[in-house]
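Please read the structure below before turning to the comments.
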Amino acid sequence: MDHFSYQNGVLHAEQVPLSAIAEAVGTPVYVYSRATLERHAQVFREALSVLPKVHLAYAMKANPNLAVLKVLAAEGYGADIVSGGELERALAAGMPPADVVFSGVGKDAAEMARALEAGLGQFNLESEEEGVELAAIAAVKGKRAVCTLRVNPDVDAGTHAKISTGKAENKFGVAYDRAAGIYARLSSLENLEMRGLAVHIGSQITDLEPSRQAFVKMGGLMRDLRGQGFTVTHMDLGGGLGVPYRAGEVLPDPAAYGAMVADVTRDWDATIMFEPGRVIAGNTGVLLTRVIRVKPGASSPFVIVDAAMNDLARPAMYDAWHDFAAVEPSGDRMTANIAGPICESSDTFAMGRDIDAVAAGDLAVFRTAGAYGATMANTYNSRPLVPEVMVDGTRWAIVANRIEPATILAAETVPDWLD
Ligand code: LLP
């Protein structure tokens with residue numbers, strides 16, 4: 001459920017007509033609904049309230065906008081971060097450092113040092129080498145780093161290959177068969193406090209079975225480690241729960257996910273940690289765009305919109321589907337290809353799709369664009385960096401400015417030997 005709805009024939013974000021935002025800010029622009037964000041945060045928390053001990057770390061890579069983080073911090077979420085930049089965002093949003101988890105295969109020495117200084121809650125180590133390096137950095141600082149070991153369970157998440165992370169050939173975590181040995185070695189290092197295991201098998205997962213299999217495997221490993229006398233108090237089950245991108249699509253919801261986790265982890269006696277991203281932020285946002293013109297195509301016309309693959313990369317990168325809807329639909333329909341202005345064929349949002357009939361100048365949205373939308377935007381073709389707006393009831397505010405090509409050009413310099 002979200003708070004984007006038609007009122008008097010005009011698509012609104014909560015009580016604000018999207019046409020008013022387009023008028024004031026221009027297009028393309030991402031528009032987020034605070035009420036939707038809060039609702040998703042609450043629904044996910046509620047779904048997991050069946051577990052005795054839970055820690056929620058929002059995977060901010062999905063949408064790291066500071067206003068979004070503020071809302072989630074107020075909802076009691078910590079963060080899952082993957083870079084020094086994300087750490088600074090978590091701190092800027094007022095998230096307690098102890099509630100922040102640091103994932104990622106390539107944490108560098110400076111990032112690990114800064115995280116230790118900031119009092120980061122947990123490092124999810126992705127290799128033995130990383131653990132040894134972190135222990136050395138912690139020793140110099142006279143600190144102990146609290147860690148889990150991320151394990152690759154070799155389970156196919158059944159999602160797009162580019163967002164699948166839990167198969168043996170993927171770069172993430174340590175091999176399942178080697179995990180116990182590595183855990184033992186890292187537990188012997190004085191400046192590491194190994195307290196558990198972590199797993200994350202992929203994103204936009206639309207079937208609970210692969211996650212169940214992975215969690216069952218992790219439970220087995222947890223028991224082995226405890227049997228060998230090691231401490232395992234925390235089990236981080238990652239993120240990955242998918243969201244419906246097409247109207248009418250029905251997927252396992254957070255409650256079904258929570259019930260599955262409760263079943264698998266019944267006798268774990270551990271704090272169960274989660275790193276949800278998309279399920280929190282996806283439905284919270286739309287990408288608002290204006291139709292530049294409609295031109296004939298071989299089989300269907302091309303609707304050329306002012307948003308492009310640099311603003312919303314998902315269709316170009318993962319063949320992802322985002323529902324398209326007119327802000328003021330006439331009731332007529334058309335079959336069309338939807339494309340942006342960028343000079344490559346991958347800048348196509350949809351082919352031969354049945355959509356609201358639109359014409360030059362009309363406003364429209366790509367729905368479910370709150371996760372992995374603005375954060376993956378870039379300035380390809382020297383386009384501006386897309387702005388973001390948050391709506392709260394009848395009020396709204398720009399929460400990220402449009403960065404104009406001139407600002408980006410100003411950061412470039414020509415060496416004097418070229419003059
Ligand atoms: N934890 C870890 C360690 C992750 O790598 C990810 C996502 C998450 C949690 C959050 O997963 P979620 O709950 O959002 O599925 N750009 C792609 C998605 C990449 C996801 C990367 N890792 C897309 O647009 O579909």
Side-chain angles (χ1 to χ4, degrees), residues 30 37 40-41 43-44 47-48 55-64 68 72 77-83 86 90 100-107 122-127 130 148-153 157-167 170-174 197-208 210-211 214 218 235-245 251-254 257 261 272-285 287 309 311-322 349 366 368-378:
Y30 279 91
L37 183 59
H40 285 291
V43 165
F44 193 76
L48 297 166
H55 178 81
L56 299 175
Y58 166 62
M60 78 157 74
K61 63 173 76 69
N63 187 330
V68 168
L72 294 174
Y77 277 68
D80 169 54
I81 61 165
V82 291
S83 70
E86 288 195 344
V100 179
V101 173
F102 198 165
S103 302
V105 291
K107 304 173 193 80
Q122 177 176 298
F123 292 83
N124 288 354
L125 302 175
E126 302 231 9
S127 63
E130 181 191 334
T148 66
L149 181 63
R150 179 167 175 182
V151 177
N152 183 327
T159 184
H160 193 284
K162 288 187 183 160
I163 52 175
S164 190
T165 52
K167 291 205 281 181
N170 296 135
K171 68 179 175 180
F172 299 97
V174 302
L197 300 170
V199 68
H200 171 80
I201 62 170
S203 194
Q204 186 53 14
I205 304 174
T206 56
D207 173 5
L208 295 180
S211 299
M218 296 303 288
M235 294 291 286
D236 185 337
L237 302 185
L241 186 60
V243 301
Y245 278 99
L251 298 184
D253 61 9
Y257 177 78
V261 172
I272 313 290
M273 306 176 71
F274 298 90
E275 303 166 356
R278 189 187 316 263
V279 73
I280 304 295
N283 243 339
T284 293
L287 174 58
M309 63 187 283
D311 305 304
L312 177 61
R314 304 194 65 259
M317 283 185 76
Y318 319 111
D319 303 312
W321 176 292
H322 287 265
F349 294 104
F366 291 101
T368 320
Y372 307 110
T375 186
M376 290 174 68
N378 57 67

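Owing to the predicted nature of the structure, the values given are computational and were not obtained by experimental measurement. Both ligands and their constituent atoms are indexed starting at 1 by order of listing.
Within the 4.0 Å heavy-atom shell around ligand 1 one finds Arg150. Ligand 1 lies out of reach of Val279, whose nearest heavy atom is not under 4.0 Å from it. Heavy-atom separations between Ala62 and ligand 1 are all 4.0 Å or longer.
Interface atoms of ligand 1 facing Ile163, defined by a heavy-atom separation under 4.0 Å, are 17 (C), 18 (C), 19 (C), 25 (O). Below 4.0 Å from some heavy atom of Asp80 lie the following atoms of ligand 1, by number and element: 1 (N), 2 (C), 9 (C). Close contacts of ligand 1 with Gly277, meaning ligand atoms under 4.0 Å from a residue heavy atom, involve 12 (P), 13 (O), 14 (O). Of all atoms in ligand 1, numbered sequentially from 1 with element shown, those under 4.0 Å from a heavy atom of Arg314 are 23 (C), 24 (O), 25 (O). Numbered from 1 in the order shown, with element, the atoms of ligand 1 that lie under 4.0 Å from a heavy atom of Gly239 read 9 (C), 13 (O). Those atoms of ligand 1 with a heavy atom of Gly240 less than 4.0 angstrom away are 11 (O), 12 (P), 13 (O), 15 (O). Within the listing of ligand 1, atoms 8 (C), 9 (C), 10 (C) sit less than 4.0 angstrom from a heavy atom of Ala59.
Checked by distance only, ligand 1 and Glu275 come closer than 3.5 Å through their nitrogen or oxygen atoms. Below 3.5 Å of separation, one finds an N or O of Tyr318 facing an N or O of ligand 1. Residue Gly238 places no N or O, backbone or side chain, under 3.5 Å from any N or O of ligand 1.
Both the sub-6.0 Å distance and the 45° axial angle are not jointly satisfied by Lys107 relative to the ring of Phe123.
With Gln204, Lys162, Met317, His200 as candidates, the residue nearest to atom 8 (C) of ligand 1 on a non-hydrogen basis is His200.
Under 4.0 Å from ligand 1, the heavy atoms of Met376 that appear belong solely to its side chain.
Atoms CZ and CG, from Phe274 and Asp80 in turn, are 13.5 Å apart once rounded to the nearest 0.5 Å.
Summary of contacts: the protein heavy atom closest to atom 20 (C) of ligand 1 is Tyr372 OH, 3.6 Å. Here the heavy atom of the protein found nearest to atom 25 (O) of ligand 1 is Arg278 NH2, 2.8 Å. Scanning all protein heavy atoms for the shortest distance to atom 21 (C) of ligand 1 gives Lys61 CD, 3.7 Å.
Closest non-hydrogen pair, Leu312 versus Phe366, comes out as CD2-CB, 4.1 Å.
Between the side chain of Gln204 and the backbone N or O of Gly240 there is no donor-acceptor pair closer than 3.5 Å.
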